[in-house]
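Chain letters run A, B, ... following the sequence lines, proteins first, then strands; residues in each count from 1.
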Amino acid sequence: MKPARSRFAPSPTGYLHVGGIRTALFAWLVARRSGGQFILRIEDTDRARHVAEAEQHIIKSLRALGLAFDEGPDIGGPFGPYRQSDRLDIYKTWAERLIQAGRAYADPYSPEQVEAFRKAAQAAKKPFLFREHRPAEPKPWDGTTPLRFLSEPKAHRWHDEVMGDLHTGPEVVDDFILIKSDGYPTYNFAHIVDDAEMHITHVIRGIEFVSSTPNFMNLYEALNLPVPIIASMPPILGPSGTKKLSKRDGAKDVLDYLRDGYLPDAFLSFIASLGWNDGTEQEIFTREDLIQKFSLARVHRAGARFDEKRLAWTNGIFIRQLPLDELFVTVQDFWPDEAKDAGDDYKRRVLALVQDRLKFAKELPELTRFFFTDLPVNPTLWQEHTQLKKLSSDELKTLLLQSRESLAASDFGLDDLTTRLNALLEQTQQKPAVLFSLIRIATTQAPFSPGLADTLAVLGKQVSLRRIDAMLATM
RNA sequence: GGCCCCGUCGUCUAGUGGUCCAGGACGUCAGGUUCUCAUCCUGAAGAUCAGGGGUUCGACUCCCCUCGGGGUCACCA
């Protein structure tokens, strides 16, 4: 496999959402898989939509997900600069070549005039084609008007790694703008120049560019440039299943998922599974699996819906597979406030008990709070418990007293606790559903918790007895 | 409207003419794992393969039409 040079070329207009990340991931995979380079290029030629902080935010997001780039605006590289606004003179040079070759001309119309042409075409239910209004003898371009490409309408055929073999007729080829009247190039022109100068081999981008690809082919020809490998990604859909996932549907900033405690690798595995699989029944992919098995040709052509439930499941799998020490590090910022004075050893023991229950790190506080603080006694917990509510208050109190007595003699080692709990079942002739529930509620005051013996062992003797006493006092 | 693309369980998907009265996973439901929650295990429901025509001995797979959805037709990317 030849080393590929792929790039991710976002427009800095806001944060990165799942669709953008998937495109970045696939481009990254193509590069890593082939031992090539992954390049970040900032396409900031639209001054109106430009958001100052967006570039840093995008870089941060990419790094946070472990999608490191080898060349980019902040780290440079052999073919920089990697920000289009810093490359204006380069586009001018290439534009000059086109002008010399008679393949570019000054647009003589005002925006209003062009708009009128467009309206007329629309009214006639015809596609708008600028070249139908091409001036017979254009004036020399002075840089104050748009510079247009002089296209040579013809049919185009090309291969898209994802979409397959595509072809269109000459009717879609038009004289698009190369350089805008503000001196900035359009995407259509700039990306082709940049990809050539940066020796990009794989152009991986959203499906919205498929219809303009014939125009790009026309430009490649005019510039005598080889056409890179092209791959168009289908959209990630919102809940409706028809529209692209939008902010309204909760297309969150990917950093938000990380803030909620989703693991980068889990997130990547899930995102990759949206439209891609390796043809086997494997559902979960590690980063290494992905690098090893990914191929553009196996990307589904249809759009895929974003399913948060499946994301949560995926994340749960990764959390459970993580060695405790690694999980401990990744959740360090998610502990409840009450845990701030707790020791690492204690926290580690708590974490071991909830590892199976964690879907994402942000759930940690609700799952573990009672390990760090005495929750207020909550009578509804046993008064409305399906098993416990069958017993009278006195019966419950007696049972709890008996339990306290036995636990008071325990060393609170797991073995001893297990033995005692079992003996208590014998002694009281109660089902675990009754006795264990009672002790569990008394010692946690929480609606749910890990296994009883485990919980008691971690809580320790002093805390456990104190909580039992607190409950007894209310009965 | 023109051009292009897409259409398999609720969801993500396997499937490239026969091994598919369509397989896996998520989700849902039921049962089991000494208590709750979760994990784990078992099982169930769930897709007339968008619809209709062909081609073929045989079509989810090939062709045509229809329907539905999407993209595009910007001095946005």
Side-chain angles (χ1 to χ4, degrees), chain A residues 9-11 13 43-46 48-49 107 111 114-115 118 121-130 145-148 160 163-164 166-169 171-172 174 176-182 184-188 190-191 205-214 232 234-235 237 239-244 270 273-284 300-307 309-314 316 320 353-359 367 381 385-388 418 421-422 425 431-441 444 446-453 455:
Chain A
S11 180
T13 55
E43 310 222 320
D44 58 345
T45 55
D46 183 349
R49 294 203 310 152
D107 179 342
V114 177
E115 185 55 27
R118 195 191 327 281
Q122 225 168 59
K125 299 208 170 201
K126 281 170 55 186
F128 170 59
L129 240 29
F130 185 92
T145 64
L147 179 70
R148 286 200 183 250
D160 184 303
M163 303 309 291
L166 268 18
H167 54 88
T168 52
E171 70 281 356
V172 301
D174 198 16
F176 58 90
I177 291 178
L178 266 8
I179 308 250
K180 299 180 267 185
S181 56
D182 65 3
Y184 282 71
T186 56
Y187 167 85
N188 302 155
H191 91 272
R205 86 239 291 192
I207 192 142
E208 63 271 25
F209 293 107
V210 168
S211 356
S212 20
T213 302
S232 303
L237 275 15
S240 70
T242 59
K243 296 280 182 246
K244 204 158 90 175
F270 170 72
S273 79
L274 251 32
W276 176 85
N277 71 80
D278 71 342
T280 71
E281 288 181 353
Q282 184 169 350
E283 305 281 348
I284 298 289
H300 210 94
R301 291 182 197 174
R305 251 179 271 200
F306 184 81
D307 180 7
K309 290 230 174 90
R310 198 176 163 89
L311 204 213
W313 169 76
T314 306
R320 271 170 252 128
L353 294 189
V354 299
Q355 183 166 14
D356 283 353
R357 285 148 241 262
L358 221 46
K359 284 266 192 292
L367 254 33
L381 247 27
H385 186 102
T386 43
Q387 299 292 326
L388 298 183
T418 307
L421 254 14
N422 283 331
L425 285 176
K431 290 186 298 188
V434 171
L435 187 73
F436 288 3
S437 293
L438 182 64
I439 301 173
R440 198 185 62 74
I441 287 169
T444 66
F448 48 81
S449 62
L452 184 54
T455 301

> Side chain of A/T168, base of B/rC3: donor and acceptor closer than 3.5 Å?
Replying inline: no
> For the pair made of NZ in A/K309 and P in B/rC29, what is the distance, rounded to whole Å?
Replying inline: 10 Å
>> Heavy atoms from C-beta onward define the side chain here; which of B/rU11, B/rG69, B/rG7 lies closest to that of A/T242?
In response: B/rG69
> Which base sits across from B/rU36 as a Watson-Crick or G-U pair, both distances under 3.5 Å?
Replying inline: none
> C1' atom, B/rC62 versus B/rC21: distance in rounded Å?
Replying inline: 23 Å
> With rounding to whole Å, what would you report as the distance between B/rG46 and B/rG23 at their P atoms?
Replying inline: 12 Å
> When we call it a touch if two heavy atoms are under 4.0 Å apart, what does A/R118 touch: a base, just sugar-phosphate, or nothing?
Replying inline: sugar-phosphate
>> Between B/rU66 and B/rC57, how far apart are the two P atoms, rounded to whole Å?
In response: 28 Å
>> Once side-chain contact (heavy atoms from CB on, under 4.5 Å) is applied, do any residues pair with A/D174, and if so which ones, sequence neighbours excluded?
In response: A/L129, A/F130, A/R131, A/N215
> Looking only at atom C1', what distance separates B/rA25 and B/rA47, rounded to whole Å?
Replying inline: 15 Å
> Expressed in angstrom and rounded to an integer, what is the separation of A/R301 atom CZ from B/rU16 atom C1'?
Replying inline: 11 Å
> Which nucleotide, B/rG71, B/rC35, B/rC75, lies nearest any side-chain atom of A/E208?
Replying inline: B/rG71
> Is there a Watson-Crick or G-U wobble partner for B/rG10 with both distances under 3.5 Å, and which nucleotide is it?
Replying inline: B/rC26
> Rounded to the nearest Å, what distance is computed from the CG atom of residue A/L274 to the P atom of nucleotide B/rA25?
Replying inline: 19 Å
> Residues two or more places apart in sequence or in another chain: which of them pass ring pair (Phe, Tyr, Trp, His ring centres under 6.0 Å) with A/F128?
Replying inline: none
> P atom, B/rC20 versus B/rC63: distance in rounded Å?
Replying inline: 24 Å
Look for any protein N or O under 3.5 Å of an N or O in nucleotides 40-51 of chain B and output each such pair with its distance, or none.
residue: B/rC40; atom: OP1; partner: A/R320; partner atom: NH1; Å: 3.4

>> Which nucleotide wins on minimum distance to the side chain of A/V114, given the candidates B/rG2, B/rC75, B/rA38?
In response: B/rC75
> Which of the following nucleotides, B/rG24, B/rC3, B/rU11, is nearest to the side chain of A/V172?
Replying inline: B/rC3
>> Roughly how many Å apart are B/rG31 and B/rC35, using the P atom of each and rounding to a whole number?
In response: 14 Å
> So which nucleotide from B/rU34, B/rU13, B/rA77 ends up closest to the side chain of A/A304?
Replying inline: B/rU13
>> Side chains of A/R440 and A/S449: any donor to acceptor distance under 3.5 Å?
In response: yes
> What is the base-pairing partner of B/rC3, counting Watson-Crick and G-U wobble geometry with both distances under 3.5 Å?
Replying inline: B/rG71
> Between B/rC5, B/rC12, B/rA77, which nucleotide has the shortest distance from any of its atoms to the side chain of A/L166?
Replying inline: B/rC5
>> Let's see if you can work this out: which of B/rC75, B/rA77, B/rA38 has an atom nearest to the side-chain heavy atoms of A/R357?
In response: B/rA38
> Considering only B/rU11, B/rA38, B/rU13, which nucleotide approaches the side chain of A/N277 most closely?
Replying inline: B/rU13
>> Could you tell me how far B/rC67 sits from B/rU28 if I compare only their C1' atoms? Round to whole Å.
In response: 31 Å
>> Can you identify which nucleotide, out of B/rU36, B/rG23, B/rU34, has its nearest atom closest to the A/S449 side chain?
In response: B/rU36
> Now, which nucleotide makes the Watson-Crick or G-U wobble pair with B/rC76, with each of the two distances under 3.5 Å?
Replying inline: none
> If you measure from the P atom in B/rU13 to the same atom in B/rG54, how many Å do you get, rounded?
Replying inline: 33 Å
